[in-house]
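Each chain gets a letter, A, B and so on, in the order its sequence line appears, and its residues count up from 1.
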Number of protein chains: 4
Amino acid sequence: MEFDSNKPIYLQIIDSLCERILAEEIKEDDRIPSVREFGADIGVNPNTVARSYEKLSDSGIIYNKRGIGYFIAPGAKQKVLEAQKKQFLEEELPKFVARAKLLGISKEELVELI
Amino acid sequence: MEFDSNKPIYLQIIDSLCERILAEEIKEDDRIPSVREFGADIGVNPNTVARSYEKLSDSGIIYNKRGIGYFIAPGAKQKVLEAQKKQFLEEELPKFVARAKLLGISKEELVELI
Amino acid sequence: MEFDSNKPIYLQIIDSLCERILAEEIKEDDRIPSVREFGADIGVNPNTVARSYEKLSDSGIIYNKRGIGYFIAPGAKQKVLEAQKKQFLEEELPKFVARAKLLGISKEELVELI
Amino acid sequence: MEFDSNKPIYLQIIDSLCERILAEEIKEDDRIPSVREFGADIGVNPNTVARSYEKLSDSGIIYNKRGIGYFIAPGAKQKVLEAQKKQFLEEELPKFVARAKLLGISKEELVELI
DNA sequence: GTGGTCTAGACCACC
DNA sequence: GTGGTCTAGACCACA
């Protein structure tokens, strides 16, 4: 796994897990690897993975069974989708359009580029 | 001047200067304030302003006259535009489209939203 | 490490690292000392070392792994060589020849001296 | 007159005067412009010109008649030539050759380039 | 007056 | 532990 060094690794791990949930590679009540295992897999400190799991757990996307591991929460895909869609529509899209405008790219050109 | 605490001040200073160059508020061979003056104006340490100036100087957007001050370089607007356009096309646009795709937004919907 | 007081320390650090890259004492993906460690070693403030590292990072000679340290970038030797060769051919050589000419040294004499 | 901002202007003025002496554009006992006049001509602060004159005066290349101005000293050309030739042979030439060697440029190539 | 360099020390996010 | 950013203040060369 390769990381964009401009973005914290723990956030990149979160993104990657969310994508896999959206793509249904992993589903409700599937177990995800332990922080140690996952960390070894992707060449990252287990502490960093733990931080990602903690954040996801906070937002109810995954849950923890003590002594067993982390699992995808029921309804996880919905939550992820909603959260991301909301953020996308309310924040990213307007920013993106504004930016293009500033650079002198018309909407027609933009549509073309897409 | 107010700062978004999530972004380094020296980068915000760079952005703000670039915007003013794009808006042609400041033009080729105009002098920009000294690091001390500018720093005092916006309530920032002169060293921080100097850092911004140095970066801009490295990229050829401004230039220095010894003992006198910093000036907008000829062709500065061009350079700023190119740099930003390049970043937009090569980084932001692909990311944006990929993100939309992931969220199940079709190109038609996207065009609609824009 | 000793410094020539006529040249900024941070530039001398850059030069020294470039030489060691050219000499292949340090190679691709080797880690270089942390700013604190290196600074202590050579009796220089860590900030000064950081400045050198930042410049080298900007030119793609080294890269950073978050929270871990700086590493020699792939192709670093190439980049250093190119940069230096370019500077030599475009700046030093013409200056040198012009200087010799001014002093009344003919090309034949110059070749002889070399 | 244009200045290379990497070299102090007062040194560039010295160089330019030495060159004109070597080229015999100005000769022994010729008067050179007053600091004010020269400064205005080349768009430089008179203080800066004064600094150049002072240095040249120190090395006996020019001399001062109080209240009248600065003049090229007798034997100025000789002095300039000797000083520069000495510096050239003892410092610049070896440095130059060493640098070329370091960059993997053979003597034959170097001769070719010249 | 200008910028350039350097030190010292602080706080932060990240690993 | 790592680097990233910022402040404060010093000294210097240059104009």
Open item on the list: From the set E:dG3, F:dA15, E:dT7, return the single nucleotide nearest to any side-chain atom of C:Asn45.
Closed with: E:dT7

TODO: State whether the distance check finds a donor on one side and an acceptor on the other, under 3.5 Å, for side chain D:Asn47 versus base F:dA15.
DONE: no

Whole Å only: how far is the [atom1] atom of [X] from the [atom2] atom of [N]?
X	N	atom1	atom2	value
B:Asn64	E:dT5	CG	C1'	14 Å
B:Asn6	F:dT5	CG	P	13 Å
B:Leu11	F:dC6	CG	P	8 Å

TODO: Sort and list the pairs that fulfil salt bridge (Lys or Arg N to Asp or Glu O under 4.0 Å) and have at least one residue in residues 46-64 of chain D, not counting sequence neighbours.
DONE: none

TODO: Just grab all the salt bridge (Lys or Arg N to Asp or Glu O under 4.0 Å) pairs involving residues 7-18 of chain B, residues at least two apart or on different chains.
DONE: B:Lys7-B:Asp15

Task: First of B:Lys65 and C:Gly69 reached from the 5' end of DNA chain F, by closest nucleotide - done: C:Gly69

Open item on the list: Going by side-chain hydrogen bond (donor to acceptor under 3.5 Å, both in side chains), name the residues that satisfy it together with A:Asp29, two or more places apart in sequence or in a different chain.
Closed with: A:Tyr63

Filtered N/O pairs between nucleotides 11-13 of chain E and protein, under 3.5 Å:
none

Open item on the list: Can you pull out every side-chain hydrogen bond (donor to acceptor under 3.5 Å, both in side chains) where at least one residue sits in residues 78-96 of chain B? Sequence neighbours excluded, please.
Closed with: A:Arg99-B:Glu92

Task: Runs of at least three consecutive pairs that involve DNA chain E, where pairs are Watson-Crick or G-U with distances under 3.5 Å - done: E:1-14 with F:1-14

- [ ] List in chain and number order the residues that pass ring pair (Phe, Tyr, Trp, His ring centres under 6.0 Å) with D:Tyr53, two or more places apart in sequence or in another chain; answer none if no residue qualifies.
- [x] D:Tyr70

Task: ring pair (Phe, Tyr, Trp, His ring centres under 6.0 Å) involving C:Phe96 - partner list, sequence neighbours excluded - done: D:Phe88, D:Phe96

Task: Rounded distance (nearest 0.5 Å) linking atom CD1 of D:Ile13 with atom CD1 of D:Ile42 - done: 4.0 Å

- [ ] Return no unless some side-chain N or O of A:Thr48 is found under 4.0 Å from OP1 or OP2 of E:dC14.
- [x] no

Open item on the list: Would you say B:Tyr70 places a side-chain N or O within less than 4.0 Å of OP1 or OP2 belonging to E:dG4?
Closed with: yes

Task: Partners passing side chain to side chain contact (heavy atoms under 4.5 Å, CB included) against B:Glu28 (at least two apart in sequence or in another chain) - done: B:Pro74

TODO: Please identify each residue that fulfils side chain to side chain contact (heavy atoms under 4.5 Å, CB included) with B:Asn45, with sequence neighbours left out.
DONE: B:Asn47, B:Thr48

TODO: Check every strand shown and say whether A:Val44 touches a base, only sugar-phosphate, or nothing at a heavy-atom separation below 4.0 Å.
DONE: nothing

Task: Positions of residues 52-60 of chain C (non-hydrogen atom under 4.0 Å from DNA chain F), listed by number - done: none

Open item on the list: List the residues meeting salt bridge (charged side-chain N to carboxylate O under 4.0 Å, His left out) with A:Arg31, not counting sequence neighbours, and say none if there are none.
Closed with: none

